[in-house]
Protein chains: 2
Amino acid sequence: MNIGEIARRAGVSRSTVSYVLSGKRAVSEPTRQRIQAVIDELDYRPNANARALKEGRTRTLGLVIPPASQRLTDMQLGFVASVVEAAARADLDVLLSPSGGDHDRSFERIVTGRRVDGVILMEIRLEDDRVTRLRQSRLPFVTIGRTAEPTGTSWVDVDYEGLIARCVHHLADLGHRHVALVNRSAELVAAGYGPGHRALAGFSHAVAERGLTGVDLCCGDDAPAGEAAMSRLLTTRPEVTAVATINEAALPGVQRALAAEGRLVPRDFSVVGVAAAHWAEDFRPPLSAADVPTLEMGAEAVALLLERIAAPTAAPRHHLYQPPISLRASTAPPPPP
Amino acid sequence: MNIGEIARRAGVSRSTVSYVLSGKRAVSEPTRQRIQAVIDELDYRPNANARALKEGRTRTLGLVIPPASQRLTDMQLGFVASVVEAAARADLDVLLSPSGGDHDRSFERIVTGRRVDGVILMEIRLEDDRVTRLRQSRLPFVTIGRTAEPTGTSWVDVDYEGLIARCVHHLADLGHRHVALVNRSAELVAAGYGPGHRALAGFSHAVAERGLTGVDLCCGDDAPAGEAAMSRLLTTRPEVTAVATINEAALPGVQRALAAEGRLVPRDFSVVGVAAAHWAEDFRPPLSAADVPTLEMGAEAVALLLERIAAPTAAPRHHLYQPPISLRASTAPPPPP
DNA sequence: TTGTAAGCGTTATCAG
DNA sequence: CTGATAACGCTTACAA
């Protein structure tokens, strides 16, 4: 079923059919109706590839996600969902590419196959090969997260550095003197994962600024890792009275370790961090935390990408999110010594 | 950058370039090398759309996911990840379509836009418009989950009916006489969501077969809903000593409600069900449960789809998974009355 | 108001 | 062993 067939059945030329489809040229009402009737009858829709070939644009966005081998976190999933949703609202399709390493066939297909008008990249490292690759291609792209030197690219990111600093200040204000940072996994941090590094930087600065003692630890992205890390912390550093964290998936484990040691939150121990709302609300008591606005960020990433596609030479823009810390019930002054 | 440019620079015809790319025709070693050098230098890769147009196939699979508005469950996410991964292994790209209702533009684009060689559908209802729609198109498709009458389509699914029945039998064997089913949300069940209905059927049959009393309840897919449902159950039906569930996301809430009522698992109360391994392992004590093999199922869905694409007229196949119930530590005989 | 025809970047057939 | 050339299905000047 192609446009020629419709034209034949309606007794018109292909261009006329094309014009009733696009509305880019006036078509007399009778012919328009006749053609439309045929289209409806055969449920015809133009071949998207042929159209893309002719128009030079695909109406498709590429979304590069971390490989599935490591389970996606809730936050990553939130980004995927919101990007797809925002794209759908703009009548754009999304082509998914799971890719980690740099010799990635799927990623290369996306970049050089001209199947997409632009790309959104997630899980950005401070030094990121994929960003380098995309920069040297002419393909518009936007990153969720940012490299160490993001100038010249469009991005959205969460201000982990500022947020964690604010958490530490909040704890210091309450009187805590010994605080800890529960970071993401050691592998991630070693690989130069931005949020891990920036959270640590914010933590270190704030701790120094307030004259606290701070200990930072890496922790896998799941409850068992959180439990292990936390119980180790509680036994090796009993003086610590509060933690800040960016590792939401570890929270259930953190909770269990605290419970196992008989430390009541917030009476004996305070917890604060950045985490998706449902993790925070599932904590007992509800966790004071900055909620990462994944929905908004995904939509904004799409918007920025559409800008870049429309005006590739315009100055890139970015959006650094610093969501407020929702005070719930997990922080209090430290217990008397 | 196109094939003509490569041909020009290498001083050969476009067809020769095409043939060194595809290897479908012998090319003399010197010219091959010359052409390859130009290709490498310019990092040329053929335009996937043009190729798709010419070849009549897109090397792309469509994956229809539930709309992002409702957060995807871990299981759904597992399917998405495994499908994308399996497709990537076969050098196929995946086009995502978030679609719920039937007037869905994104879904229609996938079905009629000829941008994909086949489609994988998730979250199948017993009566599913999308399946109906795909059946009447000529597009090969595979469903993860199945309709009430799946004959004639290829699918993979989990045998919720059999699995929940086995759970009930297990509880009956231990001596439980009053058991409950914690199902998925009322909306989902009302919408004809297959697993909800099949789990209920399996539950009802097994309960009847063993002469037990059974109560079934719907429960939203999150911890707060689980907590609410469970504490209601414990107060209104104090005689119930065990639950079976297919609602993994409710488990943390179930746990909390049990703890709040002072019911110790498994001494006072048994819990069993079907849930992803990490949910089961996060339960305290670890939950006896059948683990849904999402990774395997996603890969199998892709394999079945490739079969259908290769041989559209061959008999459709399916694969009903009945993973074993991993006995962990959450079931025991009921407490003495 | 409509039709003709060129061309988007490929691949494959047919000659040479 | 290689080169023209005709499709694939569409859009869009340019003609009429």
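Sequence lines set the chain letters: A, B, ... in the order given, protein chains first and strands last, and positions in each chain run from 1.
Counting to the nearest Å, the P atom of dC10(D) and the CG atom of N47(B) are 17 Å from each other. The distance from atom CD1 of I35(B) to atom C1' of dC1(D) is 11 Å, rounded to the nearest whole Å. Distance CZ (R14(A)) to P (dT12(D)): 14 Å, rounded to an integer number of Å. Remark: P of dA7(D) and CG of N2(A) are 14 Å apart, rounded to the nearest angstrom. E55(A) places its CD atom 15 Å from the C1' atom of dA13(D), with the value rounded to the nearest Å. N49(A) places its CG atom 12 Å from the P atom of dT11(D), with the value rounded to the nearest Å. Atom CG of L21(A) and atom P of dC10(D) are 9 Å apart (whole Å). Note: NZ (K54(B)) to P (dT5(D)) measures 16 Å, nearest angstrom.
Contact annotation: Y44(A) side-chain N/O to dG9(D) OP1/OP2 distance is not under 4.0 Å.
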(message) For a salt bridge (Lys or Arg N to Asp or Glu O under 4.0 Å) check, start with the C-alpha distance between R105(A) and D91(B), then their side-chain angles and the critical distance, and finish with the verdict.
(response) CA-CA 8 Å; R105(A) 294 213 301 287; D91(B) 280 330; 2.8 Å; yes
(message) Could you go through R133(B) and D43(A), starting from their C-alpha distance and side-chain angles, then the distance that decides it, and tell me whether this counts as salt bridge (Lys or Arg N to Asp or Glu O under 4.0 Å)?
(response) CA-CA 12 Å; R133(B) 179 80 185 77; D43(A) 192 28; 2.9 Å; yes
(request) Would you check, one step at a time, whether the test side-chain contact (heavy atoms from CB on, under 4.5 Å) holds for L304(A) with W155(A)? (result) CA-CA 8 Å; L304(A) 289 180; W155(A) 50 268; over 6 Å; no
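In this model, no donor atom of one side chain and acceptor atom of the other lie less than 3.5 Å apart for T147(A) and E149(A). Side chains of S15(A) and S18(A): a donor-acceptor N/O pair is absent below 3.5 angstrom, by distance only.
Contact annotation for T31(A): backbone-only contact, meaning every heavy-atom pair under 4.0 Å involves sugar-phosphate atoms and none involves a base. Heavy atoms of S15(A) sit under 4.0 angstrom from at least one base atom. In this structure, R114(A) reaches the sugar-phosphate backbone alone: every heavy-atom distance under 4.0 Å involves primed, P, OP1 or OP2 atoms, never a base. Looking at heavy-atom distances under 4.0 Å, S28(B) makes contact with sugar-phosphate atoms alone, never a base.
Of the possible polar contacts, one joining the S82(A) side chain to the F79(A) backbone as a donor-acceptor pair under 3.5 Å is found.
Here the OG1 atom belonging to T132(A) is positioned 10.0 Å from the CZ atom belonging to R130(A), to the nearest 0.5 angstrom.
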Report, one pair per line, the protein and nucleotides 14-16 of chain D atoms (nitrogen or oxygen only) whose separation is under 3.5 Å.
residue	atom	partner	partner atom	Å
dC14(D)	N4	R25(A)	NH1	3.4

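On the nucleic acid side, DNA chain C has its first and last nucleotide under 4.0 Å of a heavy atom of chain B at dG9(C) to dC14(C), going 5' to 3'.
For the pair V156(B) and E296(B), the minimum side-chain heavy-atom distance is 4.5 Å or more.
Checking V27(A) against K24(B), the closest nucleotide of DNA chain C that is more toward the 5' end is the one next to V27(A).
Across L53(B) and A50(A), no two heavy atoms sit closer than the pair CD1-CB, 3.8 Å.
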